[in-house]
Amino acid sequence: MNLMISSDALRAMHRAKATAISADILFYAVAGCALGSVLVARSATGVCAILLGDTAEELTADLARRFPRASLVSNEAAVKDDLAQVLRYLERPAESLCFTLDMRGTSFQRRVWEKLKAIPVGKTVSYMELARWVGPLANPRAVASACAANPIALAIPCHRVVRGNGDLAGYRWGIERKRVLIQKEALA
């Protein structure tokens, strides 16, 4: 018996398959920590978000805002190891975070985030310094905007960037959290 499939049906099947393959499913979990609450989210590629905040609801809403096209699935088992590693890091920052990251952003943001990952625990740099590392024409304000857009706190340590005079500047998750992280890392 021959099975004949129309070209329209074949195209529809290919579109459905492509949609299923490209479906963006993010597994996440929230836990309490010394800084309030932390949310860790993982895609098939790697950790795509580490968010800090006060409540699970606030963090889940932030995740949904940052990844509007993704299907968000609360699943502690899927991110258990990543979440445990983040919680250990918050207690002992000398233990680095070692997992594959799914960095989603513009090419400029990803360049800035790669440079941020090179800042050692216990050290800080100024926005001007970081801009020079990124490129000769990089603007410190653009670098600051890339830091603010970072959805992977701690693993991409934007908290290690300060003003030129050493004062703390804005931090997406609050200046007090930034202060605590820098102080803990300085003791590491």
- Message: Could you check whether any side-chain heavy atom of Glu176 comes within less than 4.5 Å of a side-chain heavy atom of Val180, counting everything from C-beta outward?
- Response: yes
- Task: Kindly indicate whether the side chain of Leu101, heavy atoms from C-beta on, has any atom under 4.5 Å from the side chain of Trp113.
- Result: no
- Would you name the heavy atoms of Glu76 and Ala29 that are closest together and state the gap between them? CA-CB, 3.8 Å
- Determine, for Arg132 against Glu129, whether the closest basic-nitrogen to carboxylate-oxygen distance falls under 4.0 angstrom. no
- Is there a chain of hydrophobic side chains (I, L, V, M, F, W, Y, each step under 4.5 Å between heavy atoms) that links Phe67 to Ile152? yes
- Query: So if you build clusters from Ile, Leu, Val, Met, Phe, Trp, Tyr with side-chain heavy-atom gaps below 4.5 Å, do Tyr127 and Val112 land together?
  - Reply: yes
- Just wondering, do Asn75 and Tyr28 contact through their side chains at under 4.5 Å, heavy atoms? no
- Looking only at heavy atoms, what is the nearest atom pair of Arg104 and Cys48, with distance? NE-CB, 4.4 Å
- Message: Under a 3.5 Å distance rule, please check whether Gln85 uses its side chain to pair with a backbone N or O of Cys98 as donor and acceptor.
- Response: yes
- Message: Minimum heavy-atom separation for Lys178 and His159, please, with both atom names.
- Response: CE-O, 3.2 Å
- Distance col, row Leu90:CG vs Glu95:CD, nearest 0.5 angstrom, shows 11.5 Å
- Find out whether Trp133 and Ile119 are in side-chain contact, i.e. whether some heavy atom of one side chain is under 4.5 Å from a heavy atom of the other. yes
- Arg69 atom CZ, over 12 foreign heavy atoms within 6.0 Å: no
- Query: According to the ring-ring contact (aromatic ring centres under 6.0 Å, His included) rule, which pairs have a member within residues 165-188, sequence neighbours left out?
  - Reply: Tyr171-Trp173
- Item | Straight-line distance of Arg177 CZ to Leu35 CG, nearest 0.5 Å | 6.5 Å
- Atom CD in Glu185, atom NZ in Lys123: separation rounded to 0.5 Å? 11.5 Å
- Item | Lys/Arg N to Asp/Glu carboxylate O, Lys117 vs Glu114, below 4.0 Å | yes
- Query: Is Arg42 salt-bridged to Asp81, going by a charged N under 4.0 Å from an acidic O?
  - Reply: no
- Item | pair Phe99-Ile50: side-chain heavy atoms closer than 4.5 Å | yes
- When rounded to the nearest 0.5 Å, the distance separating OG1 of Thr55 from CG of Leu59 is 6.0 Å
